[in-house]
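Lettering of chains follows the sequences in order, A, B, ..., and the numbering in each one begins at 1.
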Amino acid sequence: MSQYRDTAAGTIGSEAVGSTVKIAGWVARRRDHGGVAFIDVRDASGIVQVVADPDVIDEVASLRMEYCVAVSGEVRPRPDGTTNPDLPTGMVEIGAEEIQILSPADALPFMLDDRVEVDERVRLEYRYLDLRRASMAANIAARSKATAAIRRTLDDLGFLEIETPTLVASTPEGARDMLVPSRLREGHFYALPQSPQLFKQLLMVSGVERYFQIARCYRDEDLRSDRQLEFTQLDLEGSFWGQDEVLDTIEQTLVAATEAVRGIRLTEPFPRLTWQEVMDRYGSDKPDLRFGMEIADLADLFESSEFGVFTSALESGGAIRGINTGVRDFPRSKADELTELAKANGAKGLVWMVVNDDRSLRSPVAKFLSDAEIRGVIDRLEAQPGDVLLLVADRWKTAVTVLGALRNVLGRPADHEDLAFLWVTDFPMFEEEEDGSITFSHHPFTTPQDVEMMATQPEHALARAYDAVLNGVELGSGSVRIHDPELQRKVFDILGIDSETAERMFGWFLRALRFGPPPHAGFAFGIDRLVMILQNEDSIREVIPFPKTQSGVDPLTGSPTLVDDRQLAELGITLRPETRTKLEES
RNA sequence: GGGGGCGUGGUGAAGCCUGGAGUUCACGCCGGCCUGUCAAGCCGGAGGUCGCGGGUUCAAAUCCCGUCGUCCCCGCCA
């Protein structure tokens with residue numbers, strides 16, 4: 001196998017008894033009994049127990065945790081009563097004949113088992129040690145299995161894997177660009193791609209027809225447990241395609257990745273729900289379908305109510321919606337906490353009700369409601385004694401999103417043992433900004449479902465855009481692209497982008513659309529997020545070997561760093577005075 | 001930009017609310033004993049500017065203010 005070893009430690013079983021093996025790896029544990037010592041040697045394949053006599057092998061006394069060693073010896077069965085059923089190699093042990101210390105290790109900054117949760121900053125500072133832990137090694141392996149399965153699937157379907165540039169032109173739309181100064185053109189900047197979007201569309205114009213890429217993407221926005229400055233997407237595009245071909249193909253990659261990582265075969269096709277439907281039923285465009293607690297429309301029950309909060313909401317065109325959160329303790333403090341949460345999500349207030357044994361209600365608003373209204377709510381929400389009901393009367397969007405947020409807080413499973421994939425289709429074409437202006441909800445190259453509607457009632461126009469969702473997490477999105485320059489111009493027009501601006505920003509792309517572009521559609525989903533959930537982790541950082549902290553710092557390498565003034569000079573860059581001052585102060 | 005949690009020997013925690021000597025527990029580290037352990041065991045030892053700065057007080061890990069780091073969330077993320 002190599003000069004250092006001929007056998008993988010974790011693969012040694014009873015069938016190897018009697019043979020002489022040479023293994024190499026790290027000292028995971030050392031149990032020194034004086035007259036005999038046990039050394040657990042770990043390599044990438046697993047752990048095997050080495051037994052050594054300190055009187056025969058001098059090295060035993062100096063072995064410490066995480067020393068890198070090579071051991072040769074005879075595989076033998078463990079004596080009766082000393083086998084270890086928790087270890088795949090637990091029926092055997094290696095009687096050491098020679099132990100060679102390949103390299104020693106300093107005392108560890110933290111223990112490499114999963115017994116205690118070490119501060120993440122320290123883990124990142126010594127990430128190479130952190131990655132030796134079984135759970136992290138498993139995450140790395142799972143990620144590799146997932147991408148391999150995706151590549152296999154797409155290769156079988158005839159896709160070409162094609163790289164696109166990572167030094168690209170900055171565009172003012174979308175997320176903040178990560179910028180790279182140009183030395184050859186002083187004062188000019190490249191941007192790192194937020195996605196290969198326009199390049200993959202150009203490849204369609206080029207006649208590629210089936211493209212994919214496992215692409216690194218960059219967005220200079222604030223970090224979260226599911227967001228890093230750089231992340232990896234499966235990016236994919238197909239010519240002569242509509243939505244169905246995209247969804248079917250992406251589904252195959254997700255099925256293959258899940259099977260590779262979890263060993264389970266998902267049921268296809270995944271549920272497909274429209275944006276309107278998931279908003280109405282779950283109050284989110286990325287609903288978690290692992291639990292019910294669906295939102296009910298209660299407006300018709302209160303049309304002639306005496307309760308002003310409800311009637312005024314309805315009179316102003318709003319909605320009254322509610323959820324049944326089931327039987328739970330509901331002290332005043334909980335009610336206050338949920339009300340705060342509702343307000344933080346934009347609601348004016350939250351109506352809570354607890355169903356009494358006699359099917360009356362314990363609620364601050366009970367006295368304003370008629371018996372018929374109370375019966376109506378209980379029936380509509382299929383409430384039983386003890387159930388806690390939550391109602392919001394507000395603008396439709398506010399009512400459902402608030403209840404959606406409450407639903408997640410109250411019902412979401414703690415882990416990702418179960419998997420609930422779904423498609424959300426028929427997204428709105430545009431959404432309204434806080435200042436009332438209109439912006440695209442996907443990206444400006446998305447085909448509208450109805451051109452007429454888009455022009456006359458853009459706020460109600462739907463797009464041929466769709467998202468993949470898993471366990472309440474947005475995996476990714478895609479759309480049927482515009483391949484008609486005239487239609488593209490209309491979309492820019494509605495967005496308030498005049499033809500001069502469009503020409504300046506995307507002229508090179510619009511020109512390509514004048515050379516016989518095929519109809520095409522595509523998708524991209526986050527590999528990090530997918531593997532995170534498949535591996536039952538709550539942070540994307542657990543499946544990224546070398547991630548950054550929330551402030552964008554890598555504690556291992558210290559990046560980002562200051563650079564030499566000479567380097568800045570070559571780029572024609574001077575730091576702003578206020579920046580210099582800030583740096584000098586710190 | 002905003003809200004919240006955390007910061008105590010190398011690691012993890014308790015102590016903080018209700019101020020009174022760096023106190024405790026587990027892991028690790030160093031030394032010793034030990035021939036069947038697998039989180040080995042037993043005995044002994046070393047190791048801390050309680051993140052940093054300021055304030056209150058006779059006295060601050062503990063109370064107050066600021067600051068830094070980190071995590072979670074809102075904004076942001078076509």
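- Distance from the side chain of A:Arg31 is smallest to B:rC38 among B:rG28, B:rG12, B:rC38.
- Of the side-chain N and O atoms in A:Arg64, none sit less than 4.0 angstrom from OP1 or OP2 of B:rG28.
- Look at CG on A:Leu63: it is 21 Å from P on B:rU37, rounded to the nearest Å.
- As judged by a 4.0 angstrom heavy-atom cut-off over every strand, A:Glu474 is placed among residues making no nucleic acid contact.
- Note on A:Glu120 versus A:Arg123: no salt bridge recorded, every NZ/NE/NH1/NH2 to OD/OE distance being 4.0 Å or above.
- The partner of B:rU62 cannot be assigned: no Watson-Crick or G-U wobble pair with both contacts below 3.5 Å exists in any strand.
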(request) Applying side chain to side chain contact (heavy atoms under 4.5 Å, CB included), run through A:Phe523 and A:Glu237 and close with a yes or a no. (result) CA-CA 6 Å; A:Phe523 202 86; A:Glu237 196 81 10; over 6 Å; no

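- Distance check on atom P: B:rC63 versus B:rC73 gives 27 Å, rounded to whole Å.
- Contact annotation: side chain of A:Asp119 to base of B:rG7, donor-acceptor pair absent below 3.5 Å.
- Counting any heavy atom pair closer than 4.0 Å across all strands shown, A:Arg76 reaches a base atom.
- Among the nucleotides B:rC29, B:rG36, B:rG1, the one closest to the side chain of A:Phe38 is B:rG36.
- At a threshold of 4.0 angstrom between heavy atoms, the contacts of A:Ala344 with the nucleic acid are absent.
- Whole-Å rounding puts the A:Ile540 CD1 to B:rC77 P distance at 17 Å.
- One can find a donor-acceptor pair under 3.5 Å joining the base of B:rG36 and the side-chain atoms of A:Glu93.
- Nucleotides B:rA60 and B:rG54 have their P atoms positioned 13 Å apart, rounded to a whole Å.
- Side-chain contact annotation: A:Tyr211 with A:Asp235, donor-acceptor N/O pair under 3.5 Å present.
- Across the P atoms, B:rC64 and B:rG19 are found 12 Å apart, a figure rounded to whole Å.
- Minimum atom distance to the side chain of A:Met111 is reached by B:rG28, of the listed B:rG36, B:rG12, B:rG28.
- Applying the 5.5 angstrom centroid cut-off and the 30 degree plane-angle cut-off, the aromatic ring of A:His33 is stacked upon the base of B:rA40.
- Checking B:rC77, B:rG36, B:rG12 against the side-chain heavy atoms of A:Thr82 singles out B:rG36 as nearest.
- At B:rG69, none of the side-chain N or O atoms of A:Ser551 fall inside 4.0 Å of OP1 or OP2 (strictly under the cut-off).
- Between the C1' atom of B:rU37 and the CD1 atom of A:Ile47 lies a distance of 14 Å, rounded to the nearest Å.
- Spacing between B:rC43 and B:rG55 at atom P, rounded to whole Å, works out to 47 Å.
- Because its NZ or CZ atom is not both nearer than 6.0 Å to the ring centre of A:Tyr126 and within 45° of the ring axis, A:Arg132 does not count as a cation-pi partner of that residue.
- Residue A:Arg176 contributes atom CZ, which lies 15 Å from atom P of B:rG75 at whole-angstrom precision.
- A distance of about 32 Å separates the P atoms of B:rC72 and B:rA40, rounded to the whole Å.
- Residue contacts for A:Thr83: at a heavy-atom cut-off of 4.0 Å it reaches a base atom on one of the strands shown.
- The residues A:Asp554 and A:Lys548 are annotated as not salt-bridged, no charged nitrogen and carboxylate oxygen being separated by less than 4.0 angstrom.
- Here A:Asp32 lies in heavy-atom contact (under 4.0 Å) with a base.
- Atom CG of A:Asp114 is separated from atom P of B:rU11 by 18 Å (rounded to the nearest Å).
- If you check B:rG41 for Watson-Crick or wobble pairing at under 3.5 angstrom, you find it paired to B:rC33.
- When both pairing distances are held under 3.5 Å, B:rG7 makes a Watson-Crick or G-U pair with B:rC68.
- Within 4.0 Å of A:Arg123, counting heavy atoms only, lies no atom of the nucleic acid at all.
- Shown are A:Thr11, A:Ile12, A:Val75, A:Val69; of these, the side-chain contact (heavy atoms from CB on, under 4.5 Å) with A:Ile23 is made only by A:Ile12.
- Summarising the local packing, OH of A:Tyr190 is surrounded by 12 or fewer heavy atoms from other residues, nucleotides or ligands at distances under 6.0 Å.
- Between A:Phe427 and A:Trp275, the ring-plane angle classifies as tilted under the 30° and 60° cut-offs.
- Judged by closest nucleotide on RNA chain B, A:Gly34 is the one of A:Asp226 and A:Gly34 placed further toward the 5' end.
- Regarding A:Arg121, its CZ atom lies at a distance of 15 Å from the P atom of B:rC72, rounded to whole Å.
- When heavy atoms are screened at a 4.0 angstrom cut-off, A:Thr446 is found touching no nucleic acid atom at all.
- When distances run from any side-chain atom of A:Arg78 to the nucleotides B:rC77, B:rU37, B:rC73, the shortest one goes to B:rU37.
- Rounded to whole angstrom, the span from the CG atom of A:Leu475 across to the P atom of B:rC77 amounts to 20 Å.
- Taking atom C1' on both B:rU37 and B:rC42, the two are 15 Å apart, rounded to the nearest angstrom.
- Taking 4.0 angstrom as the limit, A:Gln194 places none of its side-chain polar atoms (N or O) nearer than this to OP1 or OP2 of B:rC77.
- Phosphate contact (OP1/OP2 of B:rC73, side-chain N/O of A:Arg227, threshold under 4.0 Å): absent.
- Using C1' as the reference atom, B:rC33 and B:rU70 are 43 Å apart when rounded to the nearest Å.
- Using atom C1' as the reference point in both B:rG20 and B:rG47, the two lie 26 Å apart (nearest Å).
- Heavy-atom neighbours of A:Met91 CE from other residues, nucleotides or ligands within 6.0 Å: at or below the threshold of 12.
- A stacked arrangement is not assigned to A:Phe110 and the six-membered base ring of B:rU11, the conditions of a centre distance below 5.5 Å and an interplanar angle below 30° not being jointly met.
- If you find the closest nucleotide of RNA chain B to A:Lys548 and to A:Phe445, the one lying nearer the 5' end belongs to A:Lys548.
- Shown here, B:rC50 forms no base pair; nothing in the strands shown gives a Watson-Crick or G-U wobble contact with both key distances under 3.5 Å.
- Among B:rU11, B:rC73, B:rG28, the nucleotide with an atom closest to any side-chain atom of A:Arg29 is B:rG28.
- As judged by a 4.0 angstrom heavy-atom cut-off over every strand, A:Pro109 is placed among residues touching the sugar-phosphate backbone only.
- Residue-level contact check: A:Arg224 touches the bases, meaning some heavy atom is under 4.0 Å from a base atom.
- Atom pair A:Gln550:CD and B:rC77:P shows a separation of 17 Å (rounding to whole Å applied).
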